[in-house]
Participant: 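A single structure is presented below for examination.
Throughout, a chain's letter reflects where its sequence line sits, starting with A, and its residues are numbered from 1. Only a predicted model underlies this, so the values are computations on that prediction, with no experimental measurement involved.
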Protein chains: 2
Amino acid sequence: MCPASNSSTRWCPTPEQVMILEEMYTRGGIRTPNASQIQQITAYLSLYGKIEGKNVFYWFQNHKARDRQKLRKLLNHHHHHLLSYPDSRPPPVLPQVSHYSSVGFLPQVIDLIYGK
Amino acid sequence: MCPASNSSTRWCPTPEQVMILEEMYTRGGIRTPNASQIQQITAYLSLYGKIEGKNVFYWFQNHKARDRQKLRKLLNHHHHHLLSYPDSRPPPVLPQVSHYSSVGFLPQVIDLIYGK
DNA sequence: TCACTATGAATGAATG
DNA sequence: CATTCATTCATAGTGA
């Protein structure tokens with residue numbers, strides 16, 4: 001979020017800018033805008049506040065990366081499998097890790113702690 | 001501390017979880033666990049209380065970052081004149097484009113948003 | 001209630 | 001693109 005007193009050096013998008021960016025991402029399907037797209041988007045968003053091309057560039061990169069991040073989004077809820085979800089659930093790209101046997105995984109954690 | 005009955009929004013690690021995490025950090029040397037490590041750690045720590053993968057992820061990120069931060073300030077205190085600003089890096093790789101016509105670009109952005 | 005600290009969470013910016 | 005780093009926001013806990 002953007003503090004009122006922005007003494008920061010990094011870009012701080014306004015709510016409108018975020019809204020538009022997300023709209024472009026979700027509804028527009030934009031993932032990796034090219035140079036001219038970035039330029040146009042930047043020009044448009046600058047109507048709502050200071051912004052540069054690199055901000056747009058990074059925003060899409062980060063958004064896409066975190067959208068499908070194996071961390072935080074997929075690592076989390078292990079199986080909320082079938083629960084009356086009529087639609088297509090998010091891609092189960094679960095970082096399929098070894099099923100640890102009830103006897104096997106504890107030692108693995110020990111290894112994690114003390115190095116292997 | 002963690003309240004027994006938490007209506008909290010954010011993760012509140014139990015003392016055991018913190019202890020184990022710090023053990024992994026210091027003795028195990030774990031700094032940035034990968035996806036499968038995070039999974040295993042999460043599974044193990046869930047024996048001591050509710051926890052998700054992202055909590056583990058963030059815990060290590062923060063712990064490492066604050067270690068660096070501490071070290072940085074320490075170094076800064078000793079020779080603060082030598083410490084460089086974080087922004088002394090090469091300019092971001094920017095798809096720099098020239099110019100857009102002030103009349104023509106807005107409709108194009110609309111197209112970008114809603115598809116063309 | 002306010003000030004302050006520790007720390008979980010988030011995200012912009014980079015790097016390789 | 002994935003991964004990591006730096007910095008900031010947000011909030012629980014605490015003391016006065």
Side-chain angles (χ1 to χ4, degrees), chain A residues 1-15 17-22 25 30-34 38 41-42 45 49-76 91 93-95, chain B residues 1-15 17-22 25 29-39 41-42 45 49-76 83-95:
Chain A
M1 202 182 290
C2 292
S5 58
N6 183 11
S7 58
S8 176
T9 57
R10 78 182 199 181
W11 171 56
C12 208
T14 70
Q17 289 174 333
V18 172
M19 200 176 301
I20 295 172
L21 283 168
E22 283 175 344
Y25 185 88
I30 296 178
R31 293 293 181 277
T32 312
N34 60 36
I38 288 177
I41 293 171
T42 302
L45 291 182
K50 174 179 287 187
I51 189 174
E52 298 176 40
K54 72 170 187 177
N55 305 130
V56 174
F57 173 75
Y58 283 137
W59 189 93
F60 278 96
Q61 271 213 158
N62 284 320
H63 202 78
K64 182 163 71 166
R66 281 157 183 159
D67 201 22
R68 67 173 166 234
Q69 194 144 31
K70 4 182 118 167
L71 299 170
R72 169 157 104 194
K73 213 166 187 188
L74 298 175
L75 274 178
N76 283 352
V93 194
L94 270 168
Chain B
M1 273 306 198
C2 294
S5 58
N6 56 358
S7 56
S8 175
T9 57
R10 76 183 200 182
W11 172 55
C12 209
T14 70
Q17 288 174 333
V18 172
M19 200 177 298
I20 295 171
L21 283 167
E22 281 174 346
Y25 186 88
I30 296 179
R31 293 294 179 276
T32 52
N34 60 34
S36 74
Q37 284 177 310
I38 288 178
Q39 261 197 170
I41 293 171
T42 302
L45 291 182
K50 173 180 283 188
I51 189 174
E52 298 176 36
K54 73 169 188 175
N55 305 130
V56 174
F57 172 77
Y58 283 136
W59 191 93
F60 279 96
Q61 287 289 307
N62 284 321
H63 203 78
K64 182 163 74 164
R66 279 155 185 158
D67 263 3
R68 276 191 307 258
Q69 204 173 35
K70 228 177 294 178
L71 177 60
R72 211 175 304 129
K73 286 182 177 175
L74 188 60
L75 292 176
N76 191 33
L83 207 57
S84 63
Y85 264 52
D87 200 6
S88 57
R89 284 183 180 156
V93 202
L94 260 270

Participant: Starting at NE2 of A/His63 and ending at C1' of D/dC1, how long is that distance when rounded to a whole Å?
Facilitator: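 From A/His63 NE2 to D/dC1 C1': 16 Å.
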Participant: Quiz question: going by heavy-atom distance under 3.5 Å, is there a donor-acceptor pair between the base of C/dA9 and the side chain of B/Asn62?
Facilitator: yes
Participant: Tell me: CG of B/Asp67 to P of C/dT7, nearest whole Å?
Facilitator: 11 Å
Participant: So does B/Tyr58 get a side-chain nitrogen or oxygen closer than 4.0 Å to the phosphate oxygens (OP1/OP2) of C/dA10?
Facilitator: yes
Participant: Cation-pi check, A/Arg31 to A/Phe60: give yes when NZ or CZ is under 6.0 Å from the six-membered ring centre and within 45° of the ring axis, no otherwise.
Facilitator: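 No.
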Participant: Within this structure, what is the CD-to-P distance between B/Gln37 and D/dT3, rounded to whole angstrom?
Facilitator: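 Nearest whole value for this atom pair: 12 Å.
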Participant: Can you find a heavy atom in the side chain of B/Asp67 that is under 4.5 Å from one in the side chain of B/Tyr25?
Facilitator: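 In contact.
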Participant: Counting only Watson-Crick or G-U wobble pairs whose two distances fall under 3.5 Å, which nucleotide matches C/dT5?
Facilitator: D/dA12
Participant: Rounded to whole angstroms, how far apart are CZ on A/Phe60 and C1' on C/dA14?
Facilitator: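 It is 19 Å, rounded to the nearest whole Å.
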Participant: Compare the minimum distances between each of D/dT8, C/dT11, D/dC5 and the side chain of B/Arg66, then state the nucleotide with the smallest one.
Facilitator: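 Nearest to the side-chain atoms of B/Arg66, counting from C-beta on, is D/dT8.
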Participant: Out of B/Ile30, B/Ile41, B/Asn55, which one pairs with B/Leu21 under the side-chain contact (heavy atoms from CB on, under 4.5 Å) rule?
Facilitator: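 In the set B/Ile30, B/Ile41, B/Asn55, the residue that makes a side-chain contact (heavy atoms from CB on, under 4.5 Å) with B/Leu21 is B/Ile41.
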Participant: C/dG12 P sits how many Å from A/Phe57 CZ, rounded?
Facilitator: 14 Å
Participant: Side chain of B/Arg10 only, heavy atoms from C-beta on: which candidate in C/dA13, D/dT11, D/dA2 is closest?
Facilitator: D/dT11
Participant: Please tell me which of B/Val18 and A/Val56 maps to the more 5' nucleotide of DNA chain C, matching each residue to the nucleotide holding its nearest heavy atom.
Facilitator: B/Val18
Participant: In whole angstrom, what separates B/Arg68's CZ from D/dT7's P?
Facilitator: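 Answer to the nearest Å: 10 Å.
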Participant: Of the nucleotides C/dA10, C/dA14, C/dG8, which has the atom closest to the B/Lys54 side chain?
Facilitator: C/dA10
Participant: Closer than 3.5 angstrom, by distance alone: can the side chain of B/Gln17 be matched with the main-chain N or O of B/Thr14 as a donor-acceptor pair?
Facilitator: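 Pair found, side chain donor or acceptor close to backbone of B/Thr14.
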Participant: When you check the phosphate oxygens OP1 and OP2 of C/dA13, does a side-chain N or O of A/Asn55 lie under 4.0 Å from one of them?
Facilitator: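 Answer is yes, contact under 4.0 Å.
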Participant: Does D/dA2 have OP1 or OP2 under 4.0 Å away from a side-chain N or O of A/Lys64?
Facilitator: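 It does not, given that no N or O in the side chain of A/Lys64 lies less than 4.0 Å from OP1 or OP2 of D/dA2.
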Participant: C/dT7 P sits how many Å from B/Trp59 CH2, rounded?
Facilitator: 10 Å
Participant: Atom CG of A/Leu45 to atom C1' of C/dG12: distance rounded to whole Å?
Facilitator: 15 Å
Participant: Report yes if at least one side-chain N or O of B/Thr9 is closer than 4.0 Å to OP1 or OP2 of D/dT11; otherwise report no.
Facilitator: no
Participant: So do the side chains of B/Lys64 and B/Arg68 get within less than 4.5 Å of each other, counting heavy atoms only?
Facilitator: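 A side-chain contact under 4.5 Å exists here.
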